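Structure, as structure tokens:
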There are 2 protein chains.
Amino acid sequence: MHSSEQIPHPVIRRLPKYLVHVQELREEGVEWASSQEIADALGLTSSTVRQDLSHMDLRGISKKGYETSQLEAVLRQILGADIMHHVVIIGAGHLGRALAEHGAFARRGFEICGLFDRDEDLIGKSFGNAEVMSIHELAEQAGKVKIDIGIIAVPSSAAQNVAEMLVEAGVKAILNLAYKHIQVPSNVTVVDARIMESLQELAYALGKKGKAVN
Amino acid sequence: MHSSEQIPHPVIRRLPKYLVHVQELREEGVEWASSQEIADALGLTSSTVRQDLSHMDLRGISKKGYETSQLEAVLRQILGADIMHHVVIIGAGHLGRALAEHGAFARRGFEICGLFDRDEDLIGKSFGNAEVMSIHELAEQAGKVKIDIGIIAVPSSAAQNVAEMLVEAGVKAILNLAYKHIQVPSNVTVVDARIMESLQELAYALGKKGKAVN
DNA sequence: AAGGTTTTGTCAAAAATTTATCAATACATT
DNA sequence: AATGTATTGATAAATTTTTGACAAAACCTT
Ligand SMILES: NC(=O)c1ccc[n+]([C@@H]2O[C@H](COP(=O)([O-])OP(=O)(O)OC[C@H]3O[C@@H](n4cnc5c(N)ncnc54)[C@H](O)[C@@H]3O)[C@@H](O)[C@H]2O)c1
Ligand SMILES: NC(=O)c1ccc[n+]([C@@H]2O[C@H](COP(=O)([O-])OP(=O)(O)OC[C@H]3O[C@@H](n4cnc5c(N)ncnc54)[C@H](O)[C@@H]3O)[C@@H](O)[C@H]2O)c1
């Protein structure tokens, strides 16, 4: 199979984990990794790993496994780590600032090229490499540099409004950190990332465990 | 079906979305919500919504739907919003501090009762309601208050080590924000929440879209 | 009170995802 | 070079998840 086909969503969500792992292996000087080794490291089955990797432009070799350099290369390519994406953050609050100051994004192909807020007091301040601009300048800025990804880091109540501004500005990919579902046209991709949901998932697990017999 | 049964994982991951939505409805004064309304608001099918809610201690009423107050109550109960969880954050860097200063967690049952770092210069400083303690005090602190959830907000290289300290301290639920898979005993639940992975998912979508015919 | 209508709960079908299996392959050893 | 062995790639089976369909329920209108 080739990378031109549609890759199932569960597979896509696992690819970043493979990438991190294979990069670690390479740092350790490991040149080959079998599906079993990868599975053990990531808590998967070897079958799942082989199935997943079969979607990519890559062939393993019997008795050796997959070449780590090649595996890293195809994963980087698919996950966009080789091209620089222009990312803007809307909301320069606690979370938005933490993101702007986080160096790791640029190293994986995501350059923060704009940080916007509606609070006049914040405008002009710098966090990481980004200077806070007025939210009213978003459209203008979108005209100058193509914005690939918009990150919503404003309170939930403003999330839908901000989403619409991003769509209006031509942004086709949105990372929504606000704890609220946003509605966008079908040609725009939204991915939610919510720490609160993860905590609630843990709370559920704790609740079940407390009641379980084991 | 009753809440004592095992709820499928995909369902669990959707429950927080239902909770947010139903809370919004209640704020608007809406007393009833049909599966179709919920589905439309959240981008699901009504069948999925009914299937999901059938796992819970709740019955809808023909022609009216589900009572929002009742729905909120069962969701809060399952997601642990009614009992206070004791949460510690390991790593008082950019992200750890943003989390500590985020007020919304306490309102949903997650009280930050500890913030730990190994950097001596940070110890004693306060963020939100939490004062930074030395990582060496973690075990001691765990003896005083039961830690329900540990959040890993240290660099990837320290994540496994921190995970082991949490396990050692008796923590049974871990939220891992570091971009690395951690190994823990099977009686410990780990949930990963990674902004980087979400960005990479978006990058994949952008890559595909660029190549697609439409 | 009867009839019409909307929406649930449930069951079954369909689709998607994961896991198991195994022949083919390619390497290592002798 | 022949043999043994570990590991892939592919296929099929099993499992899980989503969707479809519809009788039963309960509300509303008249
Ligand atoms: N802080 C965290 O650790 C954390 C964790 C998970 C999720 N979140 C979510 O991220 C979002 C932001 O959280 P935060 O803690 O950074 O909040 P915050 O209050 O610290 O910051 C929000 C910022 O958004 C700005 N803002 C508000 N409305 C705006 C608008 N319409 N346009 C532009 N800017 C606007 C505000 O001026 C403020 O600077 C929230 O939805 C929150 O739930 C935060
Ligand atoms: N900042 C972000 O927006 C962001 C976003 C997504 C993910 N993350 C992830 O969260 C983690 C933290 O990111 P950050 O930006 O806050 O980094 P940071 O460098 O600002 O902070 C890390 C903190 O961890 C402390 N630390 C290191 N090793 C430790 C140990 N063994 N025990 C206790 N404390 C230790 C350091 O002293 C530092 O204060 C990283 O894994 C990062 O990938 C951060």
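All heavy atoms count here, side chains included; hydrogens, waters and symmetry mates do not. Keep in mind it's a predicted model, so treat the numbers as computed, not measured. Just so we're on the same page: letters track the sequence lines, and every chain starts at 1.
At whole-Å resolution of the value, CG in L58(B) and P in dG9(C) are 7 Å apart. As a whole-Å value, the separation of E67(A) CD from dT7(D) C1' is 16 Å. Look at CZ on R59(B): it is 16 Å from C1' on dC27(D), rounded to the nearest Å. Between the CD1 atom of I7(A) and the P atom of dT17(C) there is a distance of 12 Å, given to the nearest Å. Atom CD1 of I61(A) and atom P of dA26(C) are 8 Å apart (whole Å). Atom CZ in R13(A) sits roughly 13 Å away from atom C1' in dT18(C) (whole-Å rounding). In this structure, NZ of K64(A) is placed 15 Å from C1' of dT5(D), rounded to the nearest angstrom. Atom CG in L71(B) sits roughly 11 Å away from atom P in dT8(C) (whole-Å rounding).
Taking the side chain as every heavy atom from C-beta outward, E67(B) and W32(B) approach each other to under 4.5 Å. Side-chain contact between I195(A) and L177(B) is present, with at least one heavy-atom pair separated by less than 4.5 Å. Within the 4.5 Å cutoff, no side-chain heavy atoms of R14(A) are placed close to those of V49(A).
Two residues, K63(A) and D52(A), neighbour DNA chain C, and the one matched to the more 5' nucleotide by heavy-atom proximity is D52(A). Taking for each of P10(A) and R50(A) the nucleotide of DNA chain C with the nearest heavy atom, the 5'-most of the two is the partner of P10(A).
With T68(A) contributing its side chain and V30(A) its backbone, the two residues share a donor-acceptor pair below 3.5 Å. Of the possible polar contacts, one joining the D117(A) side chain to the A92(A) backbone as a donor-acceptor pair under 3.5 Å is found.
Side-chain atoms of S47(B) and base atoms of dG20(D) include a donor and an acceptor less than 3.5 Å apart. At a cut-off of 3.5 angstrom, the base of dA6(D) holds no donor-acceptor pair with the side chain of S62(A). A donor and an acceptor atom sit less than 3.5 Å apart, one in the side chain of Q51(A) and one in the base of dT19(C).
Comparing dT8(C), dC27(C), dT19(D) by their nearest atom to the side chain of T45(B) picks out dT19(D). For P8(B), whose side chain is taken as the heavy atoms from C-beta onward, the closest listed nucleotide among dC27(C), dT8(C), dT17(D) is dT17(D).
Contact annotation: T48(B) reaches the phosphate of dT19(D) (side-chain N/O to OP1 or OP2, under 4.0 Å).
Applying the ring-ring contact (aromatic ring centres under 6.0 Å, His included) test to F127(A) and every residue at least two apart in sequence or in another chain returns nothing.
Annotation for D192(B) and K17(A): closest pair OD2-NZ, 3.9 Å, computed over non-hydrogen atoms.
Within residues 14-44 of chain A, the residues that place at least one heavy atom under 4.0 Å from DNA chain C are, in residue-number order, R14(A).
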